[in-house]
Amino acid sequence: MAGKPDKETQKRLKAEKRAASKQRRAQIWQAFQMQRKQDKLLLPLMIGSVVGAAVVAFLIGLIFGLQWIFLVFGVAIGVMIAISIFGRRVQRTVYAQADGQPGAAGWALDQLRGQWRVTQGVAGTTHLDAVHRVVGRPGVVLVAEGAPHRVKSLLAQEKKRTARVVGQTPIYDVVVGNEEGQVPLKGLQRHMMKLPRNISAAEMDSLDARLAALGNRAAALPKGPMPQGAKMRSVQRTVRRR
């Protein structure tokens with residue numbers, strides 16, 4: 001068995017932990033400042049949630065003669081609500097900025113929580129249209145982004161190619177966009193989570209291994225939402241999500 005870390009190692013680990021914590025706080029503060037400047041309702045909503053929860057808790061506490069104790073709990077609950085509001089509004093802003101940019105759907109898929117195997121850019125064009133493959137409990141989900149008249153045929157080709165490997169496993173196809181029949185970028189994760197569970201975790205691993213042998217047929221695709229004005233030659237091929 002390995003011995004306990006010596007004092008120097010413990011000191012170094014604590015310093016690294018403090019530095020990481022400080023960096024996270026700095027990032028959160030920076031995100032808050034940026035969001036506050038462009039979202040005029042952020043502060044009123046956050047402050048209102050704290051004050052509102054505190055007032056409600058205080059009034060309930062009056063009934064039992066424990067208003068000050070209830071006030072503390074009310075403030076704590078209000079702070080949690082304020083943090084939730086902040087997170088949701090930041091997320092909404094990020095998705096609004098990414099919407100319509102090449103690579104945005106692939107980036108959104110990488111934010112999925114849970115047992116998902118995401119392979120970005122399994123098919124694509126030089127116009128940065130792309131099809132991403134996701135293996136999960138529902139089966140296989142092919143997610144396309146780009147010009148509708150191009151991704152339709154691209155998606156059909158990839159679905160046919162995938163069907164040769166997966167057999168009877170369900171294959172779902174999704175086109176990300178804001179037109180009729182498409183799934184908006186901000187609703188992509190929710191759409192994925194609502195799909196039925198058809199296969200087990202073990203089947204997922206086996207399926208993902210078989211599909212990996214297909215390889216990618218994509219042109220150079222962005223790894224995330226590509227900034228407007230970026231040059232094609234600067235866009236690098238996406239790699240499989242680890």
Side-chain angles (χ1 to χ4, degrees), residues 95 98-112 114-196 198-199 203-228 230-242:
Y95 274 92
D99 194 16
Q101 296 185 35
W107 165 79
L109 291 172
D110 269 344
Q111 314 308 311
L112 282 169
Q115 294 181 316
W116 300 94
R117 311 285 189 272
V118 180
T119 305
Q120 294 192 26
V122 294
T125 70
T126 56
H127 298 283
L128 298 182
D129 308 303
V131 175
H132 312 292
R133 183 177 64 233
V134 184
V135 177
R137 296 295 297 276
V140 180
V141 187
L142 298 176
V143 181
E145 59 176 323
H149 65 281
R150 290 194 296 264
V151 298
K152 186 177 180 180
S153 59
L154 193 67
L155 189 58
Q157 292 172 14
E158 188 59 30
K159 190 172 184 179
K160 184 177 180 180
R161 195 167 75 113
T162 303
R164 297 193 188 104
V165 177
V166 303
Q168 298 300 313
T169 303
I171 302 175
Y172 300 89
D173 56 83
V174 177
V175 178
V176 176
N178 298 309
E179 298 182 8
E180 185 177 356
Q182 299 179 343
V183 177
L185 180 66
K186 64 181 180 180
L188 179 58
Q189 292 189 25
R190 184 168 60 252
H191 178 84
M192 298 285 290
M193 298 301 293
K194 286 183 178 181
L195 293 175
N198 299 310
I199 63 176
E203 290 173 320
M204 278 176 52
D205 294 333
S206 174
L207 186 62
D208 190 41
R210 297 203 308 271
L211 287 169
L214 284 177
N216 292 3
R217 302 183 299 114
L221 298 172
K223 193 171 183 178
M226 191 176 76
Q228 296 180 356
K231 296 181 179 180
M232 290 282 290
R233 63 174 177 269
S234 67
V235 181
Q236 301 185 358
R237 185 181 300 274
T238 54
V239 295
R240 178 176 172 167
R241 178 176 183 265
R242 296 185 181 275

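What's counted below: heavy atoms across the whole structure, side chains too, no hydrogens, waters or symmetry copies. We count residues from 1, following the sequence as given.
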Task: Closest non-hydrogen atom pair between A98 and A104, with its separation - done: O-CB, 3.3 Å

- [ ] Under the ring-ring contact (aromatic ring centres under 6.0 Å, His included) rule, collect the residues that match up with Y95, sequence neighbours excluded.
- [x] W107

- [ ] Give the minimum heavy-atom separation between P184 and V176, together with the two atoms involved.
- [x] C-CG1, 4.4 Å

Task: side chain to side chain donor-acceptor pair (under 3.5 Å) involving Q115 - partner list, sequence neighbours excluded - done: none

Open item on the list: A147: which residues meet the side-chain contact (heavy atoms from CB on, under 4.5 Å) condition with it, sequence neighbours left out?
Closed with: D129, H149, R150

- [ ] Can you measure from CG (L188) to CD (Q111) and round to the nearest 0.5 angstrom?
- [x] 11.0 Å

Task: T169 OG1 to I199 CD1 distance, which is reported to the nearest 0.5 Å - done: 6.0 Å

Task: Where at least one partner belongs to residues 163-174, residue pairs that pass salt bridge (Lys or Arg N to Asp or Glu O under 4.0 Å), sequence neighbours excluded - done: K159-D173

Task: All side-chain contact (heavy atoms from CB on, under 4.5 Å) counterparts of V165, not counting sequence neighbours - done: R210, L211, L214

Open item on the list: Counting C-beta onward and ignoring hydrogens, is there a side-chain heavy-atom pair between V131 and V151 closer than 4.5 Å?
Closed with: no

TODO: Search all heavy atoms of V174 against all heavy atoms of V141 and return the closest pair with its distance.
DONE: CG2-CG1, 4.1 Å

TODO: For A144 and L155, work out which heavy atoms get closest and say how close.
DONE: CB-CD1, 4.1 Å

- [ ] Please name all residues satisfying salt bridge (Lys or Arg N to Asp or Glu O under 4.0 Å) with R137, sequence neighbours left out, ordered by chain then number.
- [x] none

Task: Test side chain to side chain donor-acceptor pair (under 3.5 Å) applied to D110 and Q120, step by step - done: CA-CA 9 Å; D110 269 344; Q120 294 192 26; 2.5 Å; yes

TODO: Starting at NE2 of H127, measure out to CG of L154 and round the result to the nearest 0.5 Å.
DONE: 11.5 Å

Task: R133 side, atom CZ; E158 side, atom CD - distance, nearest 0.5 Å - done: 6.5 Å

Open item on the list: If you define the side chain from C-beta out and look only at heavy atoms, does anything of D205 sit under 4.5 Å from R117?
Closed with: yes

- [ ] Working to the nearest 0.5 Å, report the span between CG of L112 and CE of M193.
- [x] 7.5 Å

Open item on the list: By the salt bridge (Lys or Arg N to Asp or Glu O under 4.0 Å) test, which pairs, at least two apart or in different chains, include something from residues 183-196?
Closed with: none

Task: Contact list for residues 175-185, test side chain to side chain donor-acceptor pair (under 3.5 Å), sequence neighbours left out - done: D99-N178

Open item on the list: Run M192 and L109 through side chain to side chain contact (heavy atoms under 4.5 Å, CB included) and show every step you take.
Closed with: CA-CA 9 Å; M192 298 285 290; L109 291 172; 4.2 Å; yes

Open item on the list: I need the K160 NZ to I171 CD1 distance, nearest 0.5 Å.
Closed with: 12.5 Å

TODO: Please check if the side chain of H132 supplies one atom and the backbone of T119 the other of a donor-acceptor pair under 3.5 Å.
DONE: no

